[in-house]
Undergrad: 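Following this message is one structure expressed as structure tokens.
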Amino acid sequence: MQNGPGEADILEFIATRTGRRLSALERADVLRALDLEGEAAEAFMVAFGHAFGVDLKGYEAAYHHRDGARAGRFGWPLPVPLLFGLRIPVAVSTLAEAARSGRWPLRYPVLEPRPARDWVNWVLVLGALPVLVAGLLLIWRGF
């Protein structure tokens, strides 16, 4: 048996903070299960750090969720990628390990930032809009 907070304590923190109980599958990726991106994800992690006394200096948010600027971009039909094109899930077990040790347990690869090509979404949507309007006008004219 290990000393310190366990997974049950982490799950209780999540339930208290968000009002949700995570299923067994959702426990593998807390931030995605709670649909947290940008500032909401950062606020959740800061609250976690304060609640369990975890030093989050080693936590690299760009590997786990989009930052506020990328999270607010138009992401349809092509999703806006993460900064490095890689998403590492934050599991309940990782949070429990961080709570027991008092520091962030993950080490990150050194990667180059990935260019965001979400401008293509605007081209696709704005290019299809005149075609859609013309089609609706032709249908309406037929009545």
Undergrad: Heavy atoms, side chains only, cut-off 4.5 Å: are Met45 and Leu95 in contact?
TA: yes
Undergrad: Do you know the tightest heavy-atom contact between Gly58 and Tyr108?
TA: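 For Gly58 versus Tyr108, the nearest heavy atoms are O-CE1, 3.1 Å.
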Undergrad: State plainly whether one hydrophobic cluster holds both Val90 and Val46, where clusters connect Ile, Leu, Val, Met, Phe, Trp and Tyr through side-chain heavy atoms under 4.5 angstrom apart.
TA: no
Undergrad: Let me confirm one number: the OG1-NE2 distance from Thr94 to His64, rounded to the nearest 0.5 Å.
TA: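 One finds 8.0 Å between OG1 of Thr94 and NE2 of His64.
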Undergrad: Apply side chain to side chain contact (heavy atoms under 4.5 Å, CB included) to residues Phe48 and Ile10 and explain how you reach the verdict.
TA: CA-CA 9 Å; Phe48 164 77; Ile10 303 301; 3.6 Å; yes
Undergrad: After noting the C-alpha distance and the side-chain angles of Arg103 and Val54, does the key distance pass the side chain to side chain contact (heavy atoms under 4.5 Å, CB included) rule?
TA: CA-CA 5 Å; Arg103 61 180 177 75; Val54 177; 5.6 Å; no
Undergrad: Minimum heavy-atom separation for Gly6 to Ala96, with atom names?
TA: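 Residues Gly6 and Ala96, closest heavy atoms: C-CB, 4.0 Å.
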Undergrad: Report yes if some heavy atom in the side chain of Arg32 is under 4.5 Å from a heavy atom in the side chain of Glu37; otherwise report no.
TA: no
Undergrad: Of all heavy-atom pairs between Ala41 and Leu31, which one has the smallest distance, and what is that distance?
TA: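 Where Ala41 meets Leu31 most closely, the heavy atoms are CB-CD2, 4.4 Å.
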Undergrad: Quick check: closest heavy atoms across Ala51 and Phe13, and the distance to 0.1 Å?
TA: CB-CE1, 3.8 Å
Undergrad: Determine the minimum heavy-atom distance between Ala28 and Pro89, stating which atoms define it.
TA: O-CB, 3.6 Å
Undergrad: Can you hop from Val133 to Trp140 via hydrophobic side chains spaced under 4.5 Å?
TA: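 Yes; Trp140 is reachable from Val133 via cluster members.
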Undergrad: Apply the test side chain to side chain contact (heavy atoms under 4.5 Å, CB included) to residues Glu60 and Arg107: give CA-CA distance (whole Å), side-chain angles for both, the deciding distance (0.1 Å), then the verdict.
TA: CA-CA 9 Å; Glu60 294 287 339; Arg107 302 186 96 194; over 6 Å; no
Undergrad: Thinking salt bridges, do Arg100 and Glu7 make one under a 4.0 Å N-O criterion?
TA: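 Here Arg100 does not pair with Glu7 in a salt bridge, since their nearest N and O are not under 4.0 Å apart.
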Undergrad: For atom CG of Leu25, decide whether the heavy atoms of other residues, nucleotides or ligands shown that lie under 6.0 angstrom number more than 12.
TA: no
Undergrad: Could you measure the distance from the CG atom of Asp29 to the CG atom of Leu34? Nearest 0.5 Å is fine.
TA: 9.5 Å
Undergrad: Salt bridge or not for Arg20 and Glu26, using N-O below 4.0 Å?
TA: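 Judged by the 4.0 Å cut-off on N to carboxylate O distance, Arg20 and Glu26 do form a salt bridge.
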Undergrad: Are any non-hydrogen side-chain atoms of His65 and Glu42 less than 4.5 angstrom apart?
TA: yes
Undergrad: Applying side chain to side chain contact (heavy atoms under 4.5 Å, CB included), run through Phe44 and Glu39 and close with a yes or a no.
TA: CA-CA 9 Å; Phe44 176 83; Glu39 294 175 4; over 6 Å; no
Undergrad: Name the orientation class of the two ring planes belonging to Tyr59 and Trp104 (parallel below 30°, tilted from 30 to 60°, perpendicular beyond 60°).
TA: perpendicular
Undergrad: Considering non-hydrogen atoms only, spot the tightest contact between Ala91 and Val30 and give its length.
TA: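 So the two residues come closest at C-CG2, 4.2 Å.
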